[in-house]
Amino acid sequence: LYAQAGEHAFVDEGIRFQPVLPAAGNADSDYLRHGVPAPALIMRVLANAESDADGAAKAFSAPRSRQLAAEACVSEIRAMLDDARKGNARIKGRVVQPGDIAVLVRSHAEAALMQLMLSVVGIPAVAAGKQSLFETEQAEELLAVFEALLQPADESRLRAALSTQLLGLDAADIARLDGDDEWRSTRQVLALQWRERWQRHGPLALVSHLCASHAERLLRLHDGERRLTNTLQLGELLQEADARALGMHGLVDWLRGHIADADSNDEQQLLRLESDAHRVQILTLHKAKGLEFPLVFLPFIGIGHSSEKPARHCQVPSEHGRVLHWKLGKDDASPRWTDAVAAWQHEQRAEDARLLYVG
């Protein structure tokens, strides 16, 4: 691939491709499909059946491109694992497992799309990456629950807590609070019982109780195991904070503050489930640098950045580091701004090329 790309393989002429050889112990025969060595690289082109006025295939929109690319990727992974179950897809003599497969994407949105689509067809997948627990949906849900219990007379807060994925009331159940006095009273009594458990035994006792009560429903979700793990770990962190005699109000403020200041470099990272190693790994290309996987899919690598030019400002590299350029007015067509936009577009293409190489 890179030998054919020549001097412009990385767009930036200052970066050249250096031919390399595979490490010792790797051979084309390591990966077999139906008893014969599989191709080392497969490219799939998804063309639009619709044509424009000139008879050329119409370009797909970016969202449609991502959807089609994700479907094609899932289809191929499913076919590979089906072959593996029949003994027709092997790596170094053993059948291929989901954990042998990595799907590399650019963004967390693409990772979420791939995880969802794999789960729909029953393929276990995990979106790996460095993320603070306080950036997760489960942190927001626990904050809603504790805020409701802090002010049990505030019905709007109780509704917000009950509608979380953790507690699981749907729209019909929430609406029922308006017309069914007994139903509303039961939920309010339950909330008071949760508050008492929190006061008597601490936040972890309450979180553990809620997880146990709703585990069967949560585990039916494609990411249910991860949700429960995150929630329980947050409960442990809340218990540690509570030991510093924060009080109920102080504990809620502590959680709210940590969510507001969530940092992906925080020492409190997502726990890695033991079963994650046996799932398809979904990572961003930036997180994948330096890692190796037996089988790698790059479903979105052919979808470029938007062709739109920067509206007001852009950053471009220079000999002295990155330089910020501003557009001086709507009609600014000065050589300075025009050259800056051209350099910015060049850098976008170069970044795409570097990410492709990482993949």
Side-chain angles (χ1 to χ4, degrees), residues 1 22-47 65-106 108-129 215-230 270-285 287-288 291-303 358-359:
L1 181 68
N26 290 306
D28 288 343
S29 58
D30 288 348
Y31 176 42
L32 302 178
R33 291 289 289 269
H34 300 281
V36 298
L41 176 66
I42 298 174
M43 288 183 62
R44 183 162 178 188
V45 179
L46 304 176
S65 295
R66 287 187 177 86
Q67 183 68 26
L68 290 171
E71 289 173 359
C73 180
V74 170
S75 176
E76 179 55 31
I77 291 174
R78 189 177 189 181
M80 181 184 293
L81 294 175
D82 285 345
D83 279 349
R85 279 189 284 272
K86 299 169 186 174
N88 293 327
R90 294 179 175 273
I91 292 179
K92 295 188 176 180
R94 61 172 180 78
V95 296
V96 172
Q97 301 292 329
D100 294 320
I101 300 169
V103 180
L104 305 186
V105 299
R106 289 182 186 172
H108 293 299
E110 289 177 350
L113 173 63
M114 283 304 310
Q115 187 176 25
L116 175 62
M117 294 188 65
L118 286 166
S119 70
V120 166
V121 297
I123 298 174
V126 58
E216 184 177 350
R217 174 179 52 80
L218 290 170
L219 287 172
R220 288 198 294 267
L221 302 175
H222 72 90
D223 60 346
E225 191 178 3
R226 168 60 71 195
R227 285 178 175 274
L228 284 171
T229 301
N230 290 350
L270 288 177
L271 281 178
R272 185 168 176 81
L273 300 174
E274 289 184 11
S275 59
D276 279 359
H278 306 297
R279 303 176 182 213
V280 173
Q281 306 292 305
I282 305 171
L283 300 92
T284 63
L285 285 152
K287 299 293 184 187
L291 301 181
E292 292 183 350
F293 296 92
L295 300 163
V296 177
F297 287 82
L298 297 160
F300 309 113
I301 206 70
I303 303 172
V358 169

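Quantities reported herein were computed from a predicted structural model and do not represent experimental measurements.
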* Separation of R90 CZ from S29 OG (nearest 0.5 Å) -> 14.0 Å
* Structure fact -> Heavy atoms of V95 and A84 approach each other most closely as CG1-O, 3.5 Å
* **Smallest separation among heavy atoms of M80 and A89, with atom names** => O-CB, 3.7 Å
* Asked: Between G359 and V296, what is the shortest heavy-atom contact and its length?
  -> O-CG1, 4.2 Å
* Structure fact -> Contacts of R66 meeting salt bridge (charged side-chain N to carboxylate O under 4.0 Å, His left out) (sequence neighbours excluded), chain-then-number -> E110
* For atom CG of D82, decide whether the heavy atoms of other residues, nucleotides or ligands shown that lie under 6.0 angstrom number more than 12. => yes
* Asked: Which heavy-atom pair separates A125 from L118 by the least distance, and what is that distance?
  -> CB-CD1, 3.7 Å
* Asked: Looking at L285 and L298, what are the two nearest heavy atoms and their distance?
  -> CD2-CD2, 3.9 Å
* To do: Indicate yes or no: at least one non-hydrogen side-chain atom of I301 is less than 4.5 angstrom from one of L104.
  => no
* Just jot down the salt bridge (charged side-chain N to carboxylate O under 4.0 Å, His left out) partners of E71, sequence neighbours excluded, or say none. => none
* Asked: With a 4.5 Å heavy-atom cut-off, do V103 and V105 have their side chains touching?
  -> yes
* Tell me, yes or no, whether the heavy-atom count around R44 atom CZ, taken from other residues, nucleotides or ligands under 6.0 Å, exceeds 12. => no
* Interatomic spacing from CZ in F293 to CG in L283 - rounded to 0.5 Å -> 5.0 Å
* Atom CG of L295 and atom CD of E76: how far apart are they, to the nearest 0.5 Å? -> 10.0 Å
* Check C73 against M114 and note the closest heavy-atom contact, atom names and distance. => SG-CE, 3.8 Å
* Asked: How long is the gap from CG on L291 to CD on Q281, to the nearest 0.5 Å?
  -> 10.0 Å
* Asked: Would Q97 and I91 satisfy side chain to side chain contact (heavy atoms under 4.5 Å, CB included), going step by step from the backbone distance to the final call?
  -> CA-CA 9 Å; Q97 301 292 329; I91 292 179; over 6 Å; no
* To do: State the CD1-CD distance between I282 and Q115, to the nearest 0.5 angstrom.
  => 5.0 Å
* Check side chain to side chain contact (heavy atoms under 4.5 Å, CB included) between L81 and all other residues, then give those that pass, not counting sequence neighbours. => I77, R85, V96, P98, I101, I123
* To do: I would like to know whether R33 and N88 meet side chain to side chain contact (heavy atoms under 4.5 Å, CB included); could you show each step before the answer?
  => CA-CA 5 Å; R33 291 289 289 269; N88 293 327; over 6 Å; no
* To do: Start with the C-alpha gap between K92 and L32, add the side-chain angles, then the distance that decides, and say whether side chain to side chain contact (heavy atoms under 4.5 Å, CB included) holds.
  => CA-CA 8 Å; K92 295 188 176 180; L32 302 178; over 6 Å; no
* Asked: Taking D30 for the side chain and A27 for the main chain, is one N or O donor matched with an acceptor at less than 3.5 Å?
  -> yes
